[in-house]
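The block underneath contains the structure these notes are about, expressed in structure tokens.
Values reported hereafter were calculated over all heavy atoms of this structure, with side chains retained and with hydrogens, waters and symmetry mates removed.
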Amino acid sequence: MNLFDPFIFANDWISTGAPTLMLLNIIGLKSSTYYRWRSLIDQPFKPIKRNDGVIPGFSYINNELCKKVYDIHIQKYIKDILNDQYGKFYGYKKVTAVLRETYNLKINKKKVYRLMALMGVLRAQRKHIQHYKRICKNHEIKTSNTLWEMDTKYIYIAETRQVAYLASIIDIFDRSIISCVLSLSPNSESAKEAVLKALYSRKIKGKSESLIIRTDNGSQFIAHDFEKLCISEKITHERIPAKSPNYNAHIESYHRYLQDECLAGKLFKNFKEAEETIMNYVNGYNTKRIHSAIGYKTPDGFYNLKNSNFKENLVVRL
């Protein structure tokens, strides 16, 4: 990538006789930082390490050991990652995965953690409170289209003062949002539409005997029409215990990401605008947003991956 390198720029001018301190002040470099850079590039090539194994000041491009990428550029890459809609809530582990995959850097997560700490962009760690919980039914998921979780989220449309209802379905093995339907009524018709849309999307309409759909006890999910659809498609419908959203943790987590990354701060003019915004986000969620649970891949990338040892060996236990 052709990025402006302040070190090289300063060095070129200083070598022509330009006053060092004045030039560094104009560029915004500290003299100690500049001279440290000079000491590094003036040495013959070899990986420089401290006692703790950390390469100071730069990292290398994979398979190009002579090509260095200085920390100031890596911080620029980190800023670009966090400025992306789907990366703005990434922690240091996901940022590390993107730096390795997209920028081809040879870098470890500890260094990324330190750089992000210096930049002040580390995410605060959530406090996990241990609660006693029962497991309604254990499952061992080894493939897609085995267990789907489904839930509904409220979407407020400001100018029309309406409340829309978003029914979403997630495949807990590959983390794909395989269906979502926005409607102005939280009835069984929208829930049925979301299920049928998901069956057609995964091309298992009429072949869903081994599929389990897990929902809460909302009125649209306990309705006779919804149960009738599940029976006709030979789908096992599991309902979680009351006041136990942790049993539907994957879809609950997705709706939190949707709120934070897509809906927060937005005032929708009408139903169509809300629907377009949400559908665009879902498409990006499936094709751009990486997930640690599936090897720092996107849901679509993981689902479409063929003959992957990682995919064959992954087991999700609930």
Would you check, one step at a time, whether the test ring pair (Phe, Tyr, Trp, His ring centres under 6.0 Å) holds for F302 with F173?
CA-CA 10 Å; F302 181 72; F173 182 78; 5.6 Å; yes
Nearest-0.5 Å distance that lies between atom NZ in K94 and atom CG in L99:
14.5 Å
Salt-bridge criterion met for D174 and R202 (N-O under 4.0 Å)
yes
Look up atom CD1 in I213 and atom CZ in F221, then write down how far apart they are to the nearest 0.5 Å.
9.5 Å
Just say parallel, tilted or perpendicular for the rings of Y281 and Y285, cut-offs at 30° and 60°.
tilted
Do I240 and F226 share a hydrophobic cluster (ILVMFWY, side-chain heavy atoms under 4.5 Å, transitive)?
no
So E275 and L182, do their side chains get closer than 4.5 Å, heavy atoms only?
yes
F268 side chain reached by L263 side chain, heavy atoms, under 4.5 Å
yes
Might you confirm whether atom NZ of K288 has over 12 heavy atoms from other residues, nucleotides or ligands at distances under 6.0 Å?
no
Is any side-chain heavy atom of R214 closer than 4.5 Å to a side-chain heavy atom of M150?
no
V69 vs Y77 side-chain heavy atoms within contact, under 4.5 Å:
yes
Side chains of Y34 and L21: closer than 4.5 Å at any heavy-atom pair?
no
Using modelled atom types only, decide if a donor and an acceptor are shared between the side chain of N248 and the backbone of D151 within a distance under 3.5 Å.
no
Do H291 and T298 have a side chain donor and acceptor closer than 3.5 Å?
no
Polar side-chain atom of S244 near backbone of A242 as donor-acceptor pair, under 3.5 Å
yes
Other residues, nucleotides, ligands: >12 heavy atoms within 6.0 Å of E101 CD:
no
Answer yes or no: are there more than 12 heavy-atom neighbours, outside F89 itself, under 6.0 Å from its atom CZ?
yes
Could you pull out the closest heavy-atom pair between M116 and Y90, with the gap in Å?
CE-O, 4.3 Å
If we only count heavy atoms from C-beta on, is the F271 to L184 side-chain gap below 4.5 Å?
yes
Parallel, tilted or perpendicular: rings of Y70 and F58 (30°, 60°)
perpendicular
Neighbour count >12 (heavy atoms, 6.0 Å) for atom NZ, K266
yes
Atom CD1 of I170 and atom OG of S179: how far apart are they, to the nearest 0.5 Å?
12.0 Å
If you measure from the Lys or Arg side-chain nitrogens to the Asp or Glu carboxylate oxygens, is any gap between D171 and R175 under 4.0 Å?
no
Donor-acceptor contact present, side-chain K197 to main-chain C180, <3.5 Å
yes
So, T152 side chain and Y165 main chain: donor-acceptor pair closer than 3.5 Å or not?
no
With distance as the sole criterion, is a donor-acceptor pair present between the side chains of T160 and N270 under 3.5 Å?
no
Please report the C-alpha distance between I178 and N286 in whole Å, then the side-chain angles of each, then the deciding distance to 0.1 Å, and finally whether the side chain to side chain contact (heavy atoms under 4.5 Å, CB included) criterion is met.
CA-CA 9 Å; I178 46 180; N286 285 333; over 6 Å; no
Rounded at 0.5 Å granularity, tell me how far CG in N283 sits from CE in M279.
11.0 Å
Between CD1 of I212 and CG of L147, what distance do you get to the nearest 0.5 Å?
5.5 Å
Honestly curious: do L118 and Y92 fall in one hydrophobic cluster under the side-chain, below-4.5 Å linking rule?
no
So OH of Y254 and OG of S168: to nearest 0.5 Å the spacing works out to 5.0 Å
Would you say S185 and N187 are linked by a side-chain donor-acceptor pair, where the criterion is simply a distance under 3.5 Å?
yes
Donor-acceptor under 3.5 Å (E149 side chain, H250 main chain)
yes
Could you tell me whether the side chain of S232 and the main chain of L229 form a donor-acceptor pair under 3.5 Å?
yes
Any side-chain donor paired with an acceptor under 3.5 Å for K192 and Q220?
no
Short side-chain to backbone donor-acceptor contact, S190 and S183, under 3.5 Å:
no
Are V163 and I157 close enough that some pair of their side-chain heavy atoms sits under 4.5 Å apart?
no
Would S59 and K111 count as having a side-chain donor-acceptor pair, cut-off 3.5 Å?
yes
Report, as yes or no, whether the 6.0 Å neighbourhood of atom NZ on K88 holds more than 12 heavy atoms from other residues, nucleotides or ligands.
yes
